[in-house]
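Atoms considered below: every heavy atom in the structure, side chains included; atoms not considered: hydrogens, waters and symmetry mates. Order of the sequence lines sets the chain letters (A, B, ...), proteins ahead of strands, with each chain counted from 1.
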Amino acid sequence: MKPSFYDRPVVEVARDLIGCVVRHEAAAGVIVEAEAYHDSEPACHAFVGLTARTATLFGPPGRAYVYRSYGIHALLNAVCEREGVGAAVLIRALEPVEGIELMRRRRGMEGVESLCSGPGKLTQALGIGLGHNGTDLARGPIVVSARPPAWREVPVAVDRRIGITKAVELPWRFSAAGSRFLSRPVRVAVV
DNA sequence: CATGGGATTGACT
DNA sequence: GTCAATCCCATGC
């Protein structure tokens, strides 16, 4: 997707990313779950302002923000809104579509449903690491591209974000309604 | 300079 | 359901 796609309110981008494809080398999947984060609310890393850690978030839209979570996992985000605003969409789950054997080897499991059903799982399955922080999502090596025809009109469910302790009430989690590949079930409404 | 806390996962009771 | 693993970085002394 072009940078202009990401240079919009982060909640809109999160919703519109459902159904888009993430590829890294020989592995690819359709985004079935994503969450929005914005520097105006305390669950966002950028809430603390511009620091070494958040520099990518405040940078130009359309880049990858990759950080280490719980000392173990790498989590992938797409930086949104204009430079100077700290906002990003966390990619939380993919439906695997290509390189499934490679994903199985990297994850050490068989079931397709568990290969990319979580933000730390999908980076492991796709071979994404901290070295990808700041890279361009239009140029690669991680590439996000438009919805395939079958995903053009996918119904999107809305829910509260997962795994956070602040601003838990915001309905900023989006997912492909009824998908078997989510990190956790949806509790609320469908748009 | 020391410390505390995660946008998680997988193993275990 | 509970819990440990593990490390970067923001904060506070």
Side-chain angles (χ1 to χ4, degrees), chain A residues 6 9-15 17-18 22 27 29 31-59 61 63-81 85-96 103-135 137 142 144 157-176 179-188:
Chain A
Y6 302 96
V10 66
V11 176
E12 285 182 26
V13 180
R15 183 195 59 210
L17 276 173
I18 302 301
V22 179
I31 299 172
V32 292
E33 183 180 339
E35 290 176 352
Y37 288 86
H38 190 272
D39 62 23
S40 61
E41 46 90 14
C44 182
H45 292 168
F47 186 69
V48 297
L50 180 60
T51 64
R53 184 193 199 193
T54 62
T56 307
L57 281 170
F58 285 98
R63 306 286 181 85
Y65 168 53
V66 184
Y67 73 96
R68 188 175 295 297
S69 173
Y70 290 91
I72 303 172
H73 309 285
L75 269 56
L76 171 66
N77 298 251
V79 176
C80 294
E81 309 209 7
V85 176
V89 173
L90 170 68
I91 311 301
R92 286 194 56 92
L94 306 177
E95 176 172 332
M103 292 183 185
R104 284 191 170 117
R105 252 177 286 143
R106 284 170 169 159
R107 296 266 304 123
M109 0 184 79
E110 288 299 311
V112 188
E113 292 88 349
S114 3
L115 294 178
C116 300
S117 58
K121 298 179 183 180
L122 70 91
T123 55
Q124 185 185 14
L126 266 62
I128 293 171
L130 300 188
H132 293 105
N133 187 42
T135 58
L137 292 174
I142 305 167
V144 176
V158 187
D159 199 353
R160 308 206 292 199
R161 296 177 295 182
I162 293 174
I164 55 174
T165 57
K166 302 166 214 163
V168 294
E169 72 287 351
L170 294 175
W172 285 5
R173 177 189 180 218
F174 299 91
S175 59
S179 172
R180 303 151 39 220
F181 300 90
L182 304 184
S183 65
R184 310 191 56 162
V186 169
R187 300 184 312 187
V188 200

Kindly give the atom pairs (protein nitrogen or oxygen, nucleotide nitrogen or oxygen) under 3.5 Å for nucleotides 11-13 of chain C.
none

Fill in the blank from the handout: Heavy-atom closest pair (A/V10 atom, A/A87 atom, distance to 0.1 Å) is CB-CB, 4.0 Å
Fill in the blank from the handout: Only residue of A/R92, A/R184, A/R173 satisfying salt bridge (Lys or Arg N to Asp or Glu O under 4.0 Å) with A/D159 is A/R173
Handout entry: pair A/I164-A/W172: side-chain heavy atoms closer than 4.5 Å
Key = no
Practice task
Any chance you could lay out the side-chain hydrogen bond (donor to acceptor under 3.5 Å, both in side chains) test for A/E33 and A/S183, step after step, and finish with the verdict?
Solution key: CA-CA 8 Å; A/E33 183 180 339; A/S183 65; 2.7 Å; yes
Problem - Under 3.5 Å side-chain donor-acceptor pair for A/R107 and A/Q124 - result: yes
Problem - Whole-angstrom distance between B/dG10 and C/dC8, as gauged at atom C1' - result: 22 Å
Exercise for the section: Return yes if some donor-acceptor pair links the side-chain N/O of A/T54 with the main-chain N/O of A/H45 below 3.5 Å, else return no. Expected result: no
Problem - Contact pattern, 5' to 3', of nucleotides 4-13 of chain B - B, S or - by protein heavy atom under 4.0 Å - result: --BBBSS---
Problem - Closest contact, heavy atoms only, A/L122 versus A/I91 - result: CD2-O, 3.5 Å
Practice task
Taking only Lys NZ, Arg NE, NH1 and NH2, and the carboxylate oxygens of Asp or Glu, determine whether A/E110 and A/R104 approach each other closer than 4.0 Å.
Solution key: yes
Practice task
Using the P atom as the reference point in each nucleotide, state the distance between C/dC13 and B/dG5 in Å, no decimals.
Solution key: 14 Å
Completion exercise
Re B/dA11: Watson-Crick or G-U wobble partner, both distances kept under 3.5 Å, found to be C/dT2
Practice task
Can you tell me the pairing partner of B/dG6 across any strand shown, Watson-Crick or G-U wobble, with both distances under 3.5 angstrom?
Solution key: C/dC7
